[in-house]
Amino acid sequence: MPGAAILMYHSVMDQPEQHGASFGGIIHSTSVFAGQMEVLARQYHPVAFDDLVEILDGRKSLPRRAVLVTFDDGYADNYEIAAPVLNRYGIPAAFYVVVNSIATGQPPWPIRVRHAFLSTRTEIWTDSAARRWPLAKPDERLEAFAAACAQCGRLAGELQENTVVAIEKQLDSTPYAPHQRLMMSWEQLHALRKQGHVVGSHTLSHPNLAHLAEREAEQELWTSKQKLEQQLSEPIQHFSYPHPVLDPHCTDETTMLSQRVGYRTAVTTRRGLVRRKDNPLALPRILPTKQVDGLRWNLECAFAGSIWS
Ligand SMILES: [Zn+2]
């Protein structure tokens, strides 16, 4: 049975090492990304998200070797670097943005918190349960960072922002990249729409929705949709569940909430090909490797129906 591969990208930079420490492993180099898009354009069948809706509805047939390109978070490099490459190859993409980050220009909290733990000169961090975490060695910093993530991932909105700021203060850390706008602006999102790409929501503040109270999760789903609709003057139909930390990141309850709020599709970080009978509000994706041949290999295995997922 044929399927479609939804690829999950985050950031594309000429020099990934410039932000690699704080961003973690989510940056593709421009040259690898361009090589991967060339492969998709020549050897696969890129389809648009609106076509996927019709394919899942059964109104359109699924082309062989169908691929869709998605980006999570809304980094400025998506517009500045990735979009020109996509446009050159005629590949439509979906960009899921963290809506609060559009106004502030600040990256989602995991990047800010990772930066704080990796750059601090403080030797001990005390968490909210008064547990003390040593920070002298790199491994210790990463352990403390993971503990802070487990705390922040359950929080949303103002409480989350206050917690992140408190951690930055505790660690005496300067804000990450204060002189550089790392996130897309409204103007850039408008321009992406004019270029034929899709803009979707990735919540307001990038929490793990499955670990929030239902009312908070609904607020993240609904208000982010409303704000995007007001600014872009169109219905926002597509959503991506953040998975900053903690499992699961999407449950039957979160899928039902996203449907109730009015989304038509939603993507997860679960791996695999999309099949026709899949729930459109819990679609799996495929992680593009950091090599051109690696992506081709993953796609070939996926389309061949191997156990790779
Ligand atoms: Zn994300």
Side-chain angles (χ1 to χ4, degrees), residues 6-13 16 19-20 22-28 33 49 68-79 82 93-115 145-146 148-157 160-161 163-164 176-177 182-184 188-189 192 197-212 216-217 219-221 223-225 227-228 236 238-251 254-255 258 263 265-271 281-288:
I6 305 180
L7 296 168
M8 174 175 65
Y9 289 93
H10 284 85
S11 170
V12 181
M13 293 184 186
H19 292 282
S22 297
F23 273 57
I26 62 171
I27 309 173
H28 275 72
F33 179 74
F49 243 84
L68 296 96
V69 176
T70 68
F71 290 82
D72 280 5
D73 297 346
Y75 299 105
D77 59 65
N78 293 180
Y79 173 78
F95 296 87
Y96 302 104
V97 296
V98 177
V99 173
N100 284 355
S101 290
I102 305 168
T104 64
Q106 295 232 58
W109 66 263
I111 289 176
R112 294 165 58 195
V113 174
R114 185 193 291 267
H115 166 73
F145 166 62
C149 283
Q151 185 188 352
C152 295
R154 299 171 192 277
L155 304 174
Q160 180 207 85
E161 176 63 23
T163 304
V164 171
Y176 186 56
L182 291 171
M183 309 308 290
M184 282 194 280
Q188 289 172 327
L189 293 174
L192 284 181
H197 301 294
V198 160
V199 173
S201 167
H202 194 43
T203 70
L204 291 171
S205 65
H206 207 275
N208 183 323
L209 292 183
H211 294 258
L212 297 185
E216 279 182 311
Q219 157 95 347
E220 288 278 331
L221 286 156
T223 311
S224 60
K225 187 174 190 294
K227 287 192 174 181
L228 286 169
I236 296 297
H238 307 288
F239 182 80
S240 167
Y241 302 97
H243 193 181
V245 67
L246 306 172
D247 289 314
H249 71 301
C250 165
T251 61
T254 41
T255 355
S258 58
Y263 290 106
T265 77
V267 290
T268 68
T269 64
R270 291 191 200 116
R271 296 190 193 183
L281 293 153
L283 298 171
R285 286 190 284 182
I286 283 179
L287 272 179

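What's counted below: heavy atoms across the whole structure, side chains too, no hydrogens, waters or symmetry copies. Just so you know, ligand 1 is whichever comes first in the structure, and atom 1 is the first atom listed for that ligand.
- Proximity of the aromatic rings of F23 and Y75 is defined here by a centroid distance below 6.0 angstrom, and this criterion is met.
- With hydrogens and angles left out, the side-chain atoms of Y241 and S258 include a donor and acceptor closer than 3.5 Å.
- With hydrogens and angles left out, the side-chain atoms of E220 and S205 include a donor and acceptor closer than 3.5 Å.
- When distances to the Zn ion (ligand 1) are checked against a cut-off of 2.8 Å, H202 contributes an N, O or S atom below that limit.
- Not one N, O or S atom of H243 sits under 2.8 Å from the Zn ion (ligand 1).
- The N, O or S atom of H206 with the smallest distance to the Zn ion (ligand 1) is NE2.
- The Zn ion (ligand 1) is closest to atom OD1 of D73 (considering only N, O or S atoms).
- The closest side-chain donor-acceptor pair between S11 and D77 falls under 3.5 angstrom.
- The aromatic rings of Y9 and F33 sit perpendicular to each other, their planes meeting at more than 60°, with 30° as the lower class boundary.
- Distances from the Zn ion (ligand 1) show that D72 has no N/O/S atom below 2.8 Å.
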